[in-house]
Amino acid sequence: MAAQSRVGLDLTLRLTIRGDYSAGFSFHDPVSAVVLATGVVALADSHAGNVLFFERDGSPLRVAGRNGDGPGEFRHVLWLGNCAGDSVHVWDPVRRLLVVLGPRGDFVREFRLAIAGTSYTPFTLSCSRGGVLAFQPQPRPDPGTAAARFSRGVAPVVVTDAALTRIEVIPDVPSTEVVLVGGGGVPRPLGKGTLVAAGTDQLVLGTSDSASIVRYARDGRRISSGTAGVAGRTPTTASYARAVEEIVGNIRGVRMSGIVRDRLLSVSPPDGLPPYRAVFLDPRGNVWVDVAAPGETSSLLEVTDPAGQPLGRFHLPGVTRVTHVGDDSLVGVALTADGAQLRVYTVRRLGN
């Protein structure tokens with residue numbers, strides 16, 4: 001099943017993994033998923049707080065991690081990436097640790113993202129199989145903005161490697177808008193968000209302030225910029241409600257979920273929507289931008305090559321979140337009446 005018309009790429013659905021696949025391998029809120037070089041699929045489930053591994057054909061392989069504070073255990077799972085070779089890196093914002101798992105789910109090590117000048121919890125993360133890791137720490141909310149109910153600051157984007165040995169910094173990048181809840185914050189529904197996508201030797205960055213996407217070299221030098229997305233869109237009541245529930249779905253605990261939901265619903269929707277909702281950089285340097293409006297129930301991907309020339313435009317019905325774009329695969333999350341699904345697509349270059 002092809003996704004839609006294309007110029008230099010073809011996108012075909014290869015595999016669907018359902019959240020109720022089998023006992024012990026069910027998932028409800030897949031926040032991240034990747035396909036490894038072996039074809040193994042790794043999925044981080046925020047609801048259960050673990051990582052599921054599936055064989056290339058979708059059959060269950062292993063459940064990694066459980067609730068706890070020991071090695072390889074998680075208090076909360078927020079992000080997962082394929083950061084070096086076939087290793088899987090999992091971010092636990094509660095323990096403030098990056099947990100490294102092997103290609104079949106075995107525990108390898110864990111460490112803190114302890115870099116001078118970035119003492120706050122990383123909020124936006126991305127990495128590449130070539131070993132590049134990029135993240136932006138979330139600034140502490142300014143108590144003086146409490147009357148406005150949400151806050152946005154600036155913070156550096158840190159570019160490093162999985163061993164934290166080579167570090168570059170892009171300074172003073174606007175951070176994601178957050179709604180203030182207690183002493184912290186959660187993303188503002190349909191608000192502006194900083195998106196970072198790490199590639200082999202480059203990264204792209206968008207702040208949602210405009211349709212501009214900026215490409216940087218590995219050392220933080222600005223290379224070029226282009227435009228993507230749709231400006232001038234306004235949120236609807238339904239899209240705002242969906243965005244609220246997506247954020248609440250990442251909150252563990254009934255009481256806290258209710259507090260966060262009430263707080264988010266008390267904040268007015270933004271006047272305009274961000275021009276895009278996700279950005280990816282594949283191993284060949286092609287930029288993939290999901291230009292669907294935040295809160296929509298399908299994805300619309302526009303792909304350009306390193307020179308900015310179009311390679312394709314793909315509509316993925318029902319895919320609410322794209323989580324991974326690799327050299328020959330793409331992964332999306334679909335939320336259906338029967339529960340969550342993971343959809344794995346094959347990416348093929350026409351003419352090859």
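Heads up: numbering here begins at 1 and tracks the sequence. What's counted below: heavy atoms across the whole structure, side chains too, no hydrogens, waters or symmetry copies.
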Under the 3.5 angstrom rule, does the side chain of [X] hit a backbone N or O of [Y] as a donor-acceptor pair?
X      : Y      : result
Ser126 : Ala198 : yes
Ser224 : Arg215 : no
Asp45  : Val51  : no
Arg233 : Pro274 : yes
Tyr276 : Ala211 : no
Thr160 : Arg166 : yes
Ser128 : Gly199 : yes
Thr200 : Gly130 : no
Ser175 : Gly153 : yes

Give, for atom CG of Leu342 and atom CZ of Arg18, the distance between the pair rounded to the nearest 0.5 Å.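 The distance works out to 11.5 Å.
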Looking at CD of Glu246 and OG1 of Thr320, how far apart are the two atoms once the value is rounded to the nearest 0.5 Å?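 Atom-to-atom, Glu246:CD and Thr320:OG1 are 6.0 Å apart.
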Residues that Leu61 engages under side chain to side chain contact (heavy atoms under 4.5 Å, CB included), provided they are two or more places apart: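 For Leu61 the side chain to side chain contact (heavy atoms under 4.5 Å, CB included) partners, ignoring immediate neighbours, are Val40, Phe53, Glu55, Arg104.
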So with a 6.0 Å cut-off around CG of Asp219, is the heavy-atom count from everything else above 12?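 It does: Asp219 CG has more than 12 such atoms within range.
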Between Arg75 and Asp69, is any pair of side-chain heavy atoms under 4.5 Å apart?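 Yes. Closest side-chain heavy atoms under 4.5 Å.
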Under a single-linkage rule joining Ile, Leu, Val, Met, Phe, Trp and Tyr whose side-chain heavy atoms are separated by less than 4.5 Å, which residues share a cluster with Val159?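 Val132, Val157, Ile170, Val173, Val196, Leu203, Leu205, Val214, Tyr216, which link up through side-chain heavy atoms under 4.5 Å apart, make up the rest of the cluster.
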Any chance you could pull the hydrophobic cluster mates of Val154, using side-chain heavy atoms under 4.5 angstrom and chaining through other members?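 Other cluster members: none.
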Any salt bridge (charged side-chain N to carboxylate O under 4.0 Å, His left out) pairs touching residues 124-139, not counting sequence neighbours?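 Residue pairs passing salt bridge (charged side-chain N to carboxylate O under 4.0 Å, His left out), neighbours aside: none found.
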Can you list every pair that meets salt bridge (charged side-chain N to carboxylate O under 4.0 Å, His left out) and has a residue in residues 56-66, with sequence neighbours left out?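 Sorted pair list: Arg66-Glu73.
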Say whether Val303 and Val230 are linked into one hydrophobic cluster, either directly or through other cluster members, by side-chain heavy-atom distances under 4.5 angstrom.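 Val303 and Val230: separate clusters.
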Output side-chain donor-acceptor pairs under 3.5 Å for residues 293-300, partner residues at least two apart or in another chain, one line each.
{"unit_1": "Ser298", "atom_1": "OG", "unit_2": "Gly318", "atom_2": "N", "d": "3.0"}
{"unit_1": "Ser299", "atom_1": "OG", "unit_2": "Arg277", "atom_2": "NH2", "d": "3.1"}
{"unit_1": "Ser299", "atom_1": "OG", "unit_2": "Asp290", "atom_2": "OD2", "d": "3.1"}
{"unit_1": "Ser299", "atom_1": "OG", "unit_2": "Val319", "atom_2": "O", "d": "2.8"}

side-chain contact (heavy atoms from CB on, under 4.5 Å) with Arg152: which of Val178, Thr176, Thr207?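 So the option named by the test is Thr207.
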Salt bridge (charged side-chain N to carboxylate O under 4.0 Å, His left out), that's the test. Do Asp282 and Arg284 meet it? Break it down for me. CA-CA 5 Å; Asp282 72 21; Arg284 300 196 181 198; over 6 Å; no
Give me the ring orientation class for Phe27 and Phe54: parallel if the planes are under 30° apart, tilted from 30 to 60°, perpendicular past 60°.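 Ring orientation, 0 to 90° scale: perpendicular.
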Evaluate the salt bridge (charged side-chain N to carboxylate O under 4.0 Å, His left out) criterion for residues Asp327 and Arg349: first the C-alpha distance (whole Å), next the side-chain angles of each, then the deciding distance (0.1 Å), finally the verdict. CA-CA 10 Å; Asp327 192 42; Arg349 284 151 187 84; 3.7 Å; yes
